[in-house]
Amino acid sequence: MKNEEIARILYEIALYLEMKEVAFKPAAYEKAAESIEALEEDVEDIYKKGGLKALEDIPAIGKGISERIKEYLETERIKDYEKLKKQIPVDIQTLSAIEGIGPKLIKLFYQKLKIKNIGDLERAAKAGKLAKLPHSGEKLQEKILKGIEFYRRSHSRFLLGAALPLADKIEKRLNKAKSVIKAACAGSLRRRQETIGDLDFLVACPERSRGVVMDFFVSMPEVIHVFAKGSTKSMVQLRSGIAADLRVVDEKSFGAALQYFTGNKDHNIKLRKIAIKKGYKLNEYGLFRGKKQIAGRDEKEIYEKLGLAWIPPEIRNNLNEIEAGQENKIPRLVELRDIKGDLQVHSNWSDGSNSIEEMAMAAKKIGYQYTAITDHTKDLAMTGGSDEKRLLKQMSEIDKINEKLFKKGNFRILKGAEVNIRKDGSLDIKDEVLEKLDIVGAAVHSSFNLSKEEQTKRLIRAMENLHIDIIFHPSGRLLGQRPGIELDWDEIFKAAKETGTILEINAQPSRLDLNDDNIRRAKNMGIKLSVGTDAHSTAELSYNIYGISQARRGWCEKKDVINTMNFPEILAFLKKPKSKRF
DNA sequence: GCCGTTTTCGGCCCGACTGTTTTCAGTCG
């Protein structure tokens, strides 16, 4: 898959063109890069199937850039790009990723000081050479040193699971602070992206109190560096390595600012274009006709005045949600309170840290009607996975617990397992034992490097087993650590649909597997999904919030997620043969 | 270089902060 490297080259061309102060082309290349990056399909496949014409059908790709992509696919290089690189031969990717450095400074540093990479830059800054350049000074030099330090320490995105609790804490604190009318977190966090670049906070307060609020923000205990502090905007770095911005607005602009800073960029650009067409102007202060603000206090009225239904933040990606909003066809997305039980939970019978009783009681306390217990099986010896004999023993143990604790029928433990899908697609537990379980998940835990064809065949074979209800964490990816196995998703979805196999949305913050795009594709094919926490302790049952966010990002409604069913319904559903379930 | 309810030419989202300036350039989101 060459999408990523092609996108990177297009980004670099954009930066080079910006250095040369070419008008408009940088933005065009940047958009093209984003478009390639967002593509699920392999660009090379697209080209092989449909030639140049097919490349031009990709959004933001036209005649010029499709020619260059073709050149890269055929010759492994792009002449124009090589030419640009020769003129200013620097590690443009790293240098431009340092906070406060853009194409103009990279060019200046190279031409005056021959700075080519982050090491050169650091040496020059420490030797005081940067301060002597035109339009530069001591402060710029210091800012760059801080930027380098920050880059080295935390050049990565943060998992939603790490960012959300921190952001909630700060948001609550801001809401309680003196003079603050209301506070909210916007940005990628509000959209519940899998990973978060930085935190964007928003506060409404009286104009005279702005200084006080800014002082409060930059002196929070988590703040270790202040990048910028003005009357309406501040940027800080937090101890955990993540950066946080605060914007302060008047109450009458809070909704507009919340909309504006939630994004994403493409969603906002499209909205602003709609505003222009209607004779309005949309910015972070409101929707304006001439100088008159006609909306802005709350977010919903902005969408309404633009002729749209309000759009949930999780689907603001410019992936057809604006058109759906215009036609009033935004679905009611599944919500946390819709979830009636957890379908992937581990106990201390394998690698979980709590007993079956403890997990069940914790699930009941959340308000669930049921939980499955799905411990590992014998291939995963290091987790204490059960063989057939021990699995049968665990089943009778669960029967006893159900009888003892939940006799009234107000809660139920489902007997389950997370069986291992072997390299050839066979399973590590015999059918005659699987048959006795209430619910069976199967998952890949090894052989991550097989070919796409082999992996696809492997997963389909597991789905064809009549006892496998769910494929757990289908791709096996670990965010920031390991890509998922290569799969022909069209084939996987086709097989899931035909066999009646449920696909999981795994709620572990490092998994979130399926991803948003695949969830949406599965949903559109009528495949049912389950949200499972894969909890290994009682505390991890709360990961359901991340699973729900992910389901919402894939446009899931309540009917698409099977564990929104009440206990009698899900029991009846699981009793049906697989082929009759969807 | 891309795109089209402004459609094959002529536009291209918009505003805040910093630093080095004294009216603005660069960066960021």
Side-chain angles (χ1 to χ4, degrees), chain A residues 10 13-19 21-35 55-69 80 95-109 130-144 146-147 186-189 196-202 210 214 218 226-236 243-249 253 256-257 259-288 307 318 323 326:
Chain A
L10 295 177
I13 293 176
L15 287 167
Y16 280 122
L17 293 172
E18 222 168 306
M19 283 181 198
E21 299 187 41
V22 179
F24 300 112
K25 288 190 192 184
Y29 273 94
E30 210 174 290
K31 276 185 80 172
E34 283 166 8
S35 182
L55 290 179
E56 280 182 52
D57 284 342
I58 302 170
I61 309 290
K63 280 204 171 357
I65 294 178
S66 62
E67 279 289 349
R68 286 175 174 80
I69 293 173
D80 288 344
L95 289 174
S96 64
I98 297 167
E99 172 90 19
I101 295 186
K104 304 287 166 62
L105 287 176
I106 294 175
K107 182 181 172 188
L108 179 75
F109 295 158
L130 299 185
K132 298 198 181 87
L133 294 172
H135 290 279
S136 309
E138 292 288 338
K139 286 201 172 170
L140 180 74
Q141 184 166 276
E142 219 164 281
K143 185 175 156 185
I144 287 172
K146 286 277 184 198
S188 54
L189 188 110
I196 307 295
D198 58 16
L199 305 179
D200 297 296
F201 293 100
L202 207 62
R210 285 178 180 173
M214 283 303 177
V218 302
V226 180
F227 290 121
K229 183 180 172 224
S231 65
T232 67
K233 178 183 175 180
S234 290
M235 298 167 66
V236 301
D245 296 357
L246 174 65
R247 296 287 294 235
V248 177
V249 295
S253 295
Q259 194 290 314
Y260 182 94
F261 290 109
T262 296
N264 75 4
K265 200 167 105 190
D266 289 340
H267 176 92
N268 283 357
I269 288 173
K270 198 156 195 173
L271 274 194
R272 258 168 274 159
K273 284 180 179 167
I274 291 172
I276 290 166
K277 253 176 227 154
K278 289 185 181 284
Y280 302 142
K281 186 176 81 164
L282 177 63
N283 60 27
E284 60 262 56
Y285 302 107
L287 184 65
F288 296 89
N318 189 27
E323 292 77 1
Q326 285 172 325

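Note that these values count all heavy atoms, side chains included, but never hydrogens, waters or copies made by symmetry. Small disclaimer: the values here were computed from a predicted structure and weren't measured.
For the pair A:Met214 CE and B:dA16 P, the interatomic distance rounds to 12 Å; values are reported in whole Å. Protein atom NZ of A:Lys63 is 16 Å distant from nucleotide atom P of B:dT8, rounded to whole Å. Atoms NZ (A:Lys273) and P (B:dC12) sit 9 Å apart, rounded to a whole Å. Following rounding to the nearest Å, A:Asp245 (CG) and B:dC28 (P) show an atom-to-atom distance of 12 Å. Atoms NZ (A:Lys146) and P (B:dG19) sit 13 Å apart, rounded to a whole Å. The CD1-C1' distance, from A:Ile13 to B:dG1, rounds to 11 Å in whole Å. One atom, NZ of A:Lys278, and another, C1' of B:dT6, lie 16 Å apart when rounded to the nearest Å. Between the C1' atom of B:dA16 and the CG atom of A:Leu202 lies a distance of 14 Å, rounded to the nearest Å.
Across all strands, A:Tyr260 comes closer than 4.0 Å to base atoms (heavy-atom distances). Nucleic acid contact for A:Gln141: none, since no nucleic acid atom lies under 4.0 Å from a heavy atom of the residue. When heavy atoms are screened at a 4.0 angstrom cut-off, A:Lys139 is found touching the sugar-phosphate backbone but no base atom. Using a 4.0 Å heavy-atom distance criterion, A:Pro134 is classed as making no nucleic acid contact. A:Ser136 comes within contact range of the sugar-phosphate backbone alone, with a heavy-atom separation under 4.0 Å but no base atom that close. Counting any heavy atom pair closer than 4.0 Å across all strands shown, A:Leu17 reaches no nucleic acid atom. Within the nucleic acid shown, A:Lys31 has no heavy atom closer than 4.0 Å to any nucleic acid atom. Nucleic acid contact class of A:Ala60 (heavy atoms, under 4.0 Å, all strands): sugar-phosphate only. Contacts of A:Ile274 with the nucleic acid, taken as non-hydrogen atoms under 4.0 Å apart, are absent.
Of the possible donor and acceptor atoms, none in the side chain of A:Ser234 sits under 3.5 Å from a partner among the backbone N and O of A:Met214. Judged by distance alone, the side chain of A:Glu30 and the main-chain N or O of A:Ala14 form no donor-acceptor pair under 3.5 Å. Although no hydrogens or angles enter the test, the distance criterion places no donor-acceptor pair under 3.5 Å between the side chain of A:Asp200 and the main chain of A:Ala186.
The separation of B:dC3 from B:dT8, taken at their C1' atoms, amounts to 10 Å, rounded to a whole angstrom. Taking atom C1' in both B:dG26 and B:dT21, the straight-line distance is 13 Å, to the nearest Å. B:dC2 and B:dT6: their P atoms are spaced 22 Å apart (whole Å). Distance check on atom C1': B:dT20 versus B:dT27 gives 15 Å, rounded to whole Å. If you take atom C1' in B:dT22 and the same atom in B:dC28, they sit 24 Å apart, rounded to whole Å. Between B:dG10 and B:dG15, the distance separating the two P atoms is 26 Å to the nearest Å.
If A:Ile98 and A:Lys281 are placed on DNA chain B by their nearest nucleotide, the residue sitting closer to the 5' end is A:Lys281. Between A:Ile276 and A:Ser234, the one whose closest nucleotide on DNA chain B sits nearer the 5' end is A:Ile276.
Proximity of A:Ile13 to A:Asp80: side-chain heavy atoms (C-beta onward) are nowhere separated by under 4.5 Å.
For A:Phe24, whose side chain is taken as the heavy atoms from C-beta onward, the closest listed nucleotide among B:dA16, B:dC2, B:dC12 is B:dC12. Distances were taken from every side-chain heavy atom of A:Ser231 (C-beta onward) to each of B:dC17, B:dT18, B:dC14; the shortest belongs to B:dC17. Of the listed nucleotides (B:dA16, B:dT20, B:dG1), B:dG1 has the atom at the smallest distance from the side chain of A:Arg68. The side chain of A:Lys277 approaches B:dT6 more closely than any other nucleotide in the set B:dG1, B:dT6, B:dT18. Comparing B:dC2, B:dG15, B:dT20 by their closest approach to the side chain of A:Ala28 singles out B:dC2. Out of B:dG29, B:dG19, B:dG15, the shortest distance to the side chain of A:Leu140 is found at B:dG19. Proximity note for A:Ile65 (side chain, C-beta onward) versus B:dG29, B:dC2, B:dT20: the nearest is B:dC2.
In this view, A:Lys281 satisfies the salt bridge (charged side-chain N to carboxylate O under 4.0 Å, His left out) rule with no residue, not counting sequence neighbours. In terms of the side-chain hydrogen bond (donor to acceptor under 3.5 Å, both in side chains) criterion, residue partners of A:Glu284 (sequence neighbours excluded) are, by chain and number, A:Arg247. Partners of A:Glu18 by salt bridge (charged side-chain N to carboxylate O under 4.0 Å, His left out), not counting sequence neighbours: none found. The side-chain hydrogen bond (donor to acceptor under 3.5 Å, both in side chains) test applied to A:Asn283 returns no partner, not counting sequence neighbours. Scored by the salt bridge (charged side-chain N to carboxylate O under 4.0 Å, His left out) test, A:Glu138 finds no partners at all (sequence neighbours excluded). With sequence neighbours left out, the salt bridge (charged side-chain N to carboxylate O under 4.0 Å, His left out) criterion links A:Asp57 to no other residue. Partners of A:Lys229 according to the side-chain hydrogen bond (donor to acceptor under 3.5 Å, both in side chains) rule, which considers only residues two or more places apart in sequence or in another chain, are A:Asp215.
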All N/O contacts under 3.5 Å from nucleotides 24-26 of chain B to the protein, with atom names and distances to one decimal?
none

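The pairing partner recorded for B:dT8 is none, the criterion being a Watson-Crick or G-U wobble arrangement whose two distances lie under 3.5 angstrom.
To the nearest 0.5 Å, the span separating CD1 on A:Ile65 from OH on A:Tyr29 amounts to 5.0 Å.
Put simply, A:Asn283 has a side-chain N or O that comes within less than 4.0 Å of OP1 or OP2 on B:dG15. Here A:Tyr29 does not reach the OP1 or OP2 of B:dC12: none of its side-chain N or O atoms lies under 4.0 Å away.
Surrounding NZ of A:Lys31 are at most 12 heavy atoms belonging to other residues, nucleotides or ligands under 6.0 Å away.
For DNA chain B, none of the residues of residues 262-271 of chain A falls under the heavy-atom distance limit of 4.0 Å.
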